[in-house]
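The next block holds one structure in the form of structure tokens; read it before the comments.
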Amino acid sequence: MGGIFSPWSPRRRVWLAAFALAAGGAAVAYLAFRDIDEPVAAGAAETATGSYAGGAGIAGQAAEPDFAALLGEFAAAREASLIALDGYLLTDGEGFRAEWLEATVRLQSATDAIGRQSATWTDGRKLVQLVEMQRIVGRLLAEQSAVAAIVGTPNRYPGLQLFNEDVRPALDEAQAICAEVLTAMLADSSPEDAVAIDPVARLRGDLDDLRAALTKYIAASGETAQPATASAANFATLLETIGNVRRTAPAAVQPKIDRLAFLVDTAEKKLERIFALRASQRWDYADYAFQTRTVPLAEKLRDITAEWEKAA
């Protein structure tokens with residue numbers, strides 16, 4: 001029982017004392033480390049929490065754009081829609097049409113963004129103006145869509161449509177009837193009938209001249225002076241000539257001559273409307289609607305946003 005691990009062995013007492021001293025030092029070191037680490041960890045957590053909160057605040061600010069930036073985007077989208085639609089009217093180009101469609105989406109989006117920010121507004125006048133602005137934007141987009149819809153269609157040029165659908169066919173038929181009457185009269189003619197044939201031949205030539213002059217007039221861009229052959233005096237002469245021809249024509253062709261007189265009279269009345277359209281802004285109805293219906297609405301929007309910009 002007297003080994004080195006005997007409870008009373010000097011060596012064991014020294015070993016136990018050394019172990020106790022080492023254990024005590026380790027405990028003290030642990031406690032000291034814990035006291036230091038906990039504040040650091042707490043500080044790190046606090047820093048992390050603060051950083052998160054600060055980040056959330058910054059994100060919140062980024063989600064609500066500056067009002068001046070909203071107005072800038074609204075103005076840019078409004079102008080882009082006008083420029084692109086005007087380009088589409090001038091060129092019929094699909095590229096301009098695509099740009100216009102994109103601009104209308106931007107304009108509506110910018111309007112909605114301003115509307116969302118208005119939840120914090122306290123100015124009654126500004127709120128009333130916002131409602132008016134939203135109403136005008138809706139009308140502007142509708143008017144622009146109506147203008148774009150008639151590009152490339154006969155409805156864009158109502159005077160040209162009237163000429164192609166009514167006047168040109170009437171003159172074509174009148175020429176055909178005149179030629180038919182002349183052929184019928186020549187078939188039963190004699191040298192003594194030359195006096196009766198001459199007015200019919202001149203009438204055919206006058207109708208040819210009238211049709212050619214009108215075709216050139218219609219095709220000439222910006223031409224407003226009506227052809228001399230289409231004057232009221234010239235039409236009166238044509239109708240008088242037709243009446244004289246009827247009196248000397250065989251009975252068999254007189255109904256055709258009556259139809260000829262009706263066609264010439266109808267063409268004159270239609271041409272009066274065409275000449276009035278050609279002399280007005282309504283000749284190109286798409287451009288007319290753009291200038292008189294969409295541009296004024298855009299000006300109203302400019303007035304509203306200009307007042308907001310001054311008050312900002």
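Just so you know, residue 1 is the first one in the sequence shown, and it goes up from there.
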Inter-residue atom distance [X].[atom1] - [Y].[atom2], 0.5 Å rounding:
{"X": "I177", "Y": "R259", "atom1": "CD1", "atom2": "CZ", "result": "6.0 Å"}
{"X": "I242", "Y": "L263", "atom1": "CD1", "atom2": "CG", "result": "9.0 Å"}
{"X": "N234", "Y": "Q226", "atom1": "CG", "atom2": "CD", "result": "10.5 Å"}
{"X": "R78", "Y": "T305", "atom1": "CZ", "atom2": "OG1", "result": "5.0 Å"}
{"X": "S118", "Y": "L130", "atom1": "OG", "atom2": "CG", "result": "5.0 Å"}
{"X": "M133", "Y": "L301", "atom1": "CE", "atom2": "CG", "result": "7.5 Å"}

TODO: Before giving the answer on side chain to side chain contact (heavy atoms under 4.5 Å, CB included), spell out for L107 and L140 the whole-Å C-alpha distance, their side-chain angles and the decisive distance to 0.1 Å.
DONE: CA-CA 10 Å; L107 181 58; L140 176 63; 4.0 Å; yes
Pair up each side-chain donor or acceptor in residues 267-277 with any protein partner under 3.5 Å, not counting sequence neighbours, and list the distances.
residue : atom : partner : partner atom : Å
K269    : NZ   : D265    : OD1          : 3.0
K269    : NZ   : D265    : OD2          : 2.8
K270    : NZ   : D166    : OD2          : 3.4

Task: CD/E102: more than 12 non-hydrogen atoms of other groups inside 6.0 Å - done: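 It does not: E102 CD has 12 such atoms or fewer within range.
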Task: Over 12 foreign heavy atoms within 6.0 Å of CD, E79 - done: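 Yes, CD of E79 has more than 12 neighbouring heavy atoms, counting only those of other groups under 6.0 Å.
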Task: Q108 and D112 side chains, donor-acceptor separation under 3.5 Å - done: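 Short answer, yes.
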TODO: Go through the structure and list residues passing side-chain hydrogen bond (donor to acceptor under 3.5 Å, both in side chains) with K256, not counting sequence neighbours.
DONE: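 Expected list: E180.
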Heavy-atom pair with the smallest gap, counting every atom of [X] and [Y]:
{"X": "L214", "Y": "P227", "answer": "CD2-CG, 4.3 Å"}
{"X": "E73", "Y": "A110", "answer": "CG-CB, 4.0 Å"}
{"X": "A252", "Y": "P255", "answer": "O-CD, 3.8 Å"}
{"X": "N164", "Y": "P169", "answer": "O-CD, 3.3 Å"}
{"X": "A249", "Y": "I257", "answer": "CB-CD1, 3.4 Å"}
{"X": "A148", "Y": "L85", "answer": "CB-CD1, 4.0 Å"}

Open item on the list: Check this for me: does any side-chain nitrogen of one of K126 and E307 sit under 4.0 Å from a carboxylate oxygen of the other?
Closed with: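 No, K126 and E307 are not salt-bridged.
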Open item on the list: If the threshold is 4.0 Å, N to carboxylate O, is there a salt bridge linking R202 and D198?
Closed with: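 Here R202 pairs with D198 in a salt bridge, since their nearest N and O are under 4.0 Å apart.
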TODO: Show your working on side chain to side chain contact (heavy atoms under 4.5 Å, CB included) between L71 and I114 and close with a plain yes or no.
DONE: CA-CA 8 Å; L71 287 182; I114 293 175; 4.1 Å; yes
Treat each ILVMFWY residue as a node, draw an edge where side-chain heavy atoms are under 4.5 Å apart, and state whether [X] and [Y] are in one component.
{"X": "L82", "Y": "V137", "result": "no"}
{"X": "V253", "Y": "L239", "result": "yes"}
{"X": "F235", "Y": "V167", "result": "yes"}
{"X": "L160", "Y": "V151", "result": "no"}
{"X": "I150", "Y": "Y157", "result": "no"}

Under the 3.5 angstrom rule, does the side chain of [X] hit a backbone N or O of [Y] as a donor-acceptor pair?
{"X": "T237", "Y": "A233", "answer": "yes"}
{"X": "Q129", "Y": "I304", "answer": "no"}
{"X": "S109", "Y": "R106", "answer": "no"}

TODO: List in chain and number order the residues that pass ring pair (Phe, Tyr, Trp, His ring centres under 6.0 Å) with Y288, two or more places apart in sequence or in another chain; answer none if no residue qualifies.
DONE: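 Y288 satisfies ring pair (Phe, Tyr, Trp, His ring centres under 6.0 Å) with Y285 once adjacent residues are dropped.
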Task: Pairs flagged by side chain to side chain donor-acceptor pair (under 3.5 Å) wherever residues 80-99 is involved - sequence neighbours left out - done: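 As it turns out, the side chain to side chain donor-acceptor pair (under 3.5 Å) pairs with a partner in residues 80-99, which skip direct neighbours, are S81-Q144, D92-R156.
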Could you check if a side-chain atom of [X] sits within less than 4.5 angstrom of a side-chain atom of [Y], using non-hydrogen atoms only?
{"X": "D123", "Y": "L127", "answer": "no"}
{"X": "R211", "Y": "Q175", "answer": "yes"}
{"X": "V200", "Y": "L186", "answer": "no"}

- [ ] Might you work through the side chain to side chain contact (heavy atoms under 4.5 Å, CB included) test for V147 and D287, ending with a clear yes or no?
- [x] CA-CA 8 Å; V147 169; D287 185 69; over 6 Å; no
TODO: Carefully, step by step, assess L203 and L260 under the rule side chain to side chain contact (heavy atoms under 4.5 Å, CB included).
DONE: CA-CA 11 Å; L203 178 61; L260 175 61; 3.7 Å; yes
TODO: Quick one: which residue pairs count as a ring pair (Phe, Tyr, Trp, His ring centres under 6.0 Å) with a foot in residues 93-129, not counting sequence neighbours?
DONE: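 Qualifying pairs: F67-W121, W121-W308.
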Show me, pair by pair, the donor-acceptor contacts under 3.5 angstrom made by side chains of residues 293-300, not counting sequence neighbours?
residue : atom : partner : partner atom : Å
R293    : NE   : E143    : OE1          : 3.3
R293    : NH2  : E143    : OE2          : 3.1
T294    : OG1  : F290    : O            : 2.5
E299    : OE1  : R302    : NH1          : 3.4
E299    : OE2  : R302    : NH1          : 2.7

